[in-house]
Amino acid sequence: MRNKIVAGNWKMHKTLTESQALITEIRGIIRDEFRANTAEVVVCPTTLALPSSVKLVEGSSIFVGAQNVHQETQGAFTGEISAAMIASVGATHVIVGHSERRQYFNETNSACALKNKSSFAAGLTVLYCVGETLEERETEQHWAVIEKQIEEGLTGITSEEMHKMVIAYEPVWAIGTGKTASSAQAQEVHAFIRSLLNKKFGEPVAEATRILYGGSVKPDNAAELFAQPDIDGGLIGGASLKARDFFEIVKAAG
Ligand code: PEP
């Protein structure tokens, strides 16, 4: 039985004070209304808010993650942060390969593989994002694109390290657009990703790996998506910026 995950990606939103207010609100709602939550809840605020967010969730069941990491452990890489730096402030998760990073910062599958590897070395859990563009879906290239993202992005990753790997399927055409993949469309791709993991790492790893769906998940579509056999939770953008909406999505995950 895979434990579901709901992770909020706050992207470049919220100042430090606003981040602190939002995380406090999320923590409060979960504490007051849904103490028995079984899903793993992760919030990924701006890097600047990581240390204070970690303090604000202390004693709760909420984890804090970063939105990006550099693949090297240290060096002359102005503006970047390493996995060890993320871990040093008490954050436990990191998003790798988000489509916005692939699109605007030219992040490649092979760079993602290195980021995944260095994140595992620092003890972080990785939320590795894959997914096709609208054009790739319309031309039926999405299977090949996703296979390449999995194959290349997991290069050099061991079965042992896969225990700390979570895959997030995020069709680019559904991110921030209000268009969600239907639960059937998402399930089809999730099952495909699991079959790729089976081929690469064997059945026990494939069956144990959580695969999240991301792309306009909202309180009113979360339950149906999360009920699919291969959908193990969600990576949430826009709706994670509203405490009540995020909470409703957490509740849908159980
Ligand atoms: C995302 O950016 O990872 C995402 C899924 O965004 P949204 O929920 O806003 O579509």
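Residue numbers start at 1 and run along the sequence shown. Note that ligands are numbered from 1 as they come in the structure, with each ligand's atoms numbered from 1 the same way.
- Partner Pro45 forms a side-chain contact (heavy atoms from CB on, under 4.5 Å) with one of Ser52, Ser53, Ser240 and no other, that one being Ser53.
- Between Lys218 and ligand 1, no N or O atom pair is found at a separation short of 3.5 Å.
- Protein heavy atom closest to atom 1 (C) of ligand 1, with residue, atom name and distance, is His98 NE2, 3.2 Å.
- Following chains of ILVMFWY side-chain contacts shorter than 4.5 Å, one can reach Val126 starting from Ile86, so the two form part of one hydrophobic cluster.
- Interface atoms of ligand 1 facing Ser216, defined by a heavy-atom separation under 4.0 Å, are 7 (P), 8 (O), 10 (O).
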Decide side-chain contact (heavy atoms from CB on, under 4.5 Å) for Leu48 and Leu16; before the verdict, give the C-alpha distance in whole Å, the side-chain angles of both, and the deciding distance to 0.1 Å.
CA-CA 7 Å; Leu48 295 173; Leu16 180 59; 5.6 Å; no
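- The shortest side-chain heavy-atom distance between Tyr169 and Leu235 does not fall under the 4.5 Å cut-off.
- Within ligand 1, counting atoms from 1 as listed, the ones closer than 4.0 Å to a heavy atom of Gly215 are 5 (C), 10 (O).
- At a heavy-atom cutoff of 4.0 Å, ligand 1 is contacted by the backbone of Ala174 but not by its side chain.
- The protein heavy atom nearest to atom 2 (O) of ligand 1 is Lys11 NZ, 2.5 Å.
- Of the options Gly214, Gly176, Gly238, the smallest heavy-atom separation from atom 10 (O) of ligand 1 is shown by Gly176.
- Protein heavy atom at the shortest distance from atom 8 (O) of ligand 1 is Gly237 N, 2.9 Å.
- The shortest N or O to N or O distance between Leu235 and ligand 1 is not below 3.5 Å.
- With hydrogens and angles ignored, the 3.5 Å screen pairs no side-chain donor or acceptor of Arg27 with any backbone N or O of Ser61.
- Remark: of the listed residues Glu147, Glu152, Glu151, Glu151 is the sole one forming a salt bridge (Lys or Arg N to Asp or Glu O under 4.0 Å) with Lys200.
- A salt bridge does not link Arg210 to Asp230: none of the charged side-chain nitrogens sits closer than 4.0 Å to a carboxylate oxygen.
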